[in-house]
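Contents: one structure, followed by commentary.
Chain A is the first sequence line, chain B the second, and so forth, proteins listed ahead of strands; every chain is numbered from 1.
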Number of protein chains: 2
Amino acid sequence: MTASSATRPARERLLTAAGELFYESGIAATGVDAVLARAGVSPATMYAHFAGKDGLVAAYLEERHTTWRQTWDAVLAEHRDPVDRLLSVFDAVARFRQQQGTRRGCAFLAAATELPSGHPGQRWLAADSRLLTGRLHDLAVAAGLPDPEAVASTLLLCYDGALSGYARAATTPGLPVDDPIGRARRLAADWLATRTG
Amino acid sequence: MTASSATRPARERLLTAAGELFYESGIAATGVDAVLARAGVSPATMYAHFAGKDGLVAAYLEERHTTWRQTWDAVLAEHRDPVDRLLSVFDAVARFRQQQGTRRGCAFLAAATELPSGHPGQRWLAADSRLLTGRLHDLAVAAGLPDPEAVASTLLLCYDGALSGYARAATTPGLPVDDPIGRARRLAADWLATRTG
DNA sequence: GTCTATACGGTGATAGAC
DNA sequence: GTCTATCACCGTATAGAC
């Protein structure tokens with residue numbers, strides 16, 4: 001709190017608090033007050049750094065997008081086999097979730113349902129979709145697979161399905177959730193096997 | 001339900017308006033005022049029928065859950081082959097979306113990200129998850145498939161992935177979306193084929 | 001850059017008449 | 001049952017001092 005305020009700038013503390021609260025409780029349901037209280041920052045300071053709540057939301061999504069891309073980059077660098085590189089999206093999101101300590105679903109899909117059209121944060125939802133489809137497409141091409149568009153679409157479908165499983169689990173007590181990401185990876189791998197073989 | 005009353009009851013008009021606005025614009029982002037204006041109903045009338053906004057939200061989710069289950073029932077009754085019955089969840093959701101004229105993602109997954117814990121509407125999110133996993137499980141048993149829990153989880157993963165595709169498309173202009181439900185159905189069918197053969 | 005205090009608007013909810 | 005009118009609150013944003 002006071003110690004962290006001496007070490008970390010208000011802007012960073014705001015982004016951290018926003019990331020936690022927006023992700024856990026939802027964007028629309030989280031008031032600016034709650035973010036300010038958690039960050040230990042006054043309203044005026046926030047408005048000196050961000051263009052209102054919308055700007056704070058956009059900055060939160062941008063930071064999350066950047067971190068996610070870097071995590072995927074790191075995992076990608078560990079693999080040389082073309083199919084492993086294609087499937088790395090699942091390993092990367094598993095690592096990302098472990099790093100962030102997240103337990104709910106995809107922050108970008110969640111934001112897609114909450115943000116009104118024209119919101120500055122929309123840009124990062126589109127960036128997430130394009131990063132996923134673009135990379136998966138390119139990796140499919142590199143693997144020499146036919147119809148790389150279909151490969152990207154199918155793997156994205158598995159990816160979204162896995163993350164949606166966590167969203168369901170968070171709101172359905174008792175629902176058995178056994179490693180959706182691992183399940184999605186195996187499903188995608190089996191499907192790829194029928195195309196490479 | 002019937003046409004006996006001269007004018008459509010206020011309660012029904014409210015549920016219709018709520019269904020359209022909550023689904024299209026999000027629950028938290030939609031004010032009660034907007035629902036009242038679209039339904040042509042006064043505030044007091046709404047509070048005579050529902051226990052506040054939370055009650056209206058819960059009633060909206062309940063109605064959607066009921067309609068969805070009935071649609072699935074109807075599609076299920078058209079098939080006798082065990083695998084077709086298992087895959088009917090995709091045909092049913094395609095028909096449901098056509099009937100409702102929806103273009104966005106899953107209303108229950110969306111609500112899962114928006115509703116705070118303890119909200120009366122949470123019950124219907126859980127009901128949706130349990131309906132899906134329970135039926136898929138039973139249909140897998142009826143089909144004589146091994147590990148019916150895994151079958152249900154994998155098919156639910158495909159189902160959620162397909163609907164998430166529409167959520168992405170709604171917020172990412174230019175993203176190619178070619179029949180996610182059909183893609184999910186084929187993916188699930190291929191995966192089932194490796195288990196039945 | 002940061003804080004305290006405050007103004008403003010919108011939203012959920014109620015009272016009372018018809 | 002339904003409406004008109006109104007209230008009370010909370011969340012967003014700003015003004016001015018340090």
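Below 30°, between 30° and 60°, or above 60°: for B:Trp124 and B:His65 the angle between ring planes is between 30° and 60°, a tilted geometry.
The side chain of B:Thr45 contributes an N or O atom lying less than 4.0 Å from OP1 or OP2 of D:dC3. The shortest distance between the side-chain N/O atoms of B:His49 and the OP1/OP2 oxygens of D:dT2 is below 4.0 Å.
Atom P of nucleotide D:dT2 and atom CZ of B:Phe50 are separated by 11 Å, given to the nearest angstrom. Atoms CZ (B:Arg8) and C1' (D:dG1) sit 17 Å apart, rounded to a whole Å. When rounded to the nearest whole Å, the span between CD of A:Glu12 and P of C:dT2 equals 11 Å. The distance from atom CG of B:Leu14 to atom C1' of D:dC3 is 14 Å, rounded to the nearest whole Å. The distance between atom CG of A:Leu56 and atom C1' of D:dG11, rounded to the nearest whole Å, is 14 Å. For B:Ile27 and C:dT11, the CD1 to C1' distance is 16 Å, given to the nearest whole Å.
Side-chain contact check for B:Leu132 versus A:Arg168: some heavy-atom pair is nearer than 4.5 Å.
Between B:Glu24 and B:Arg104 no salt bridge is recorded (no basic side-chain N to carboxylate O distance below 4.0 Å). Look at A:Glu78 and A:Arg95 and you find a salt bridge, because one of the NZ, NE, NH1 or NH2 atoms lies within 4.0 Å of a carboxylate O, short of that distance. Between B:Arg135 and B:Asp73, at least one side-chain nitrogen of the basic residue sits less than 4.0 Å from a carboxylate oxygen of the acidic one, meeting the salt-bridge criterion.
When each of A:Trp72, A:Trp68, A:Tyr159 is checked for a ring pair (Phe, Tyr, Trp, His ring centres under 6.0 Å) with A:Phe96, only A:Trp68 meets the rule.
Applying the side chain to side chain donor-acceptor pair (under 3.5 Å) test to pairs two or more places apart or on separate chains, those with a residue in residues 185-197 of chain A are A:Asp91-A:Arg185.
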Which parts of nucleotides 13-18 of chain C does protein reach within less than 4.0 Å, heavy atoms only, written one letter per nucleotide 5' to 3' as B for base, S for sugar-phosphate only and - for none? BBB---

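Considering only side-chain atoms of A:Asp33, the nucleotide from D:dG11, C:dT11, D:dT2 that sits closest is D:dG11.
Not a single donor-acceptor pair under 3.5 Å links the side chain of B:His79 to the backbone N or O of B:Asp81.
In terms of heavy-atom proximity, A:Leu87 sits nearest to A:Ala189 at CD1-CB, 3.8 Å.
Near DNA chain C, meaning a heavy atom under 4.0 Å from it, residues 17-24 of chain A has no residue at all.
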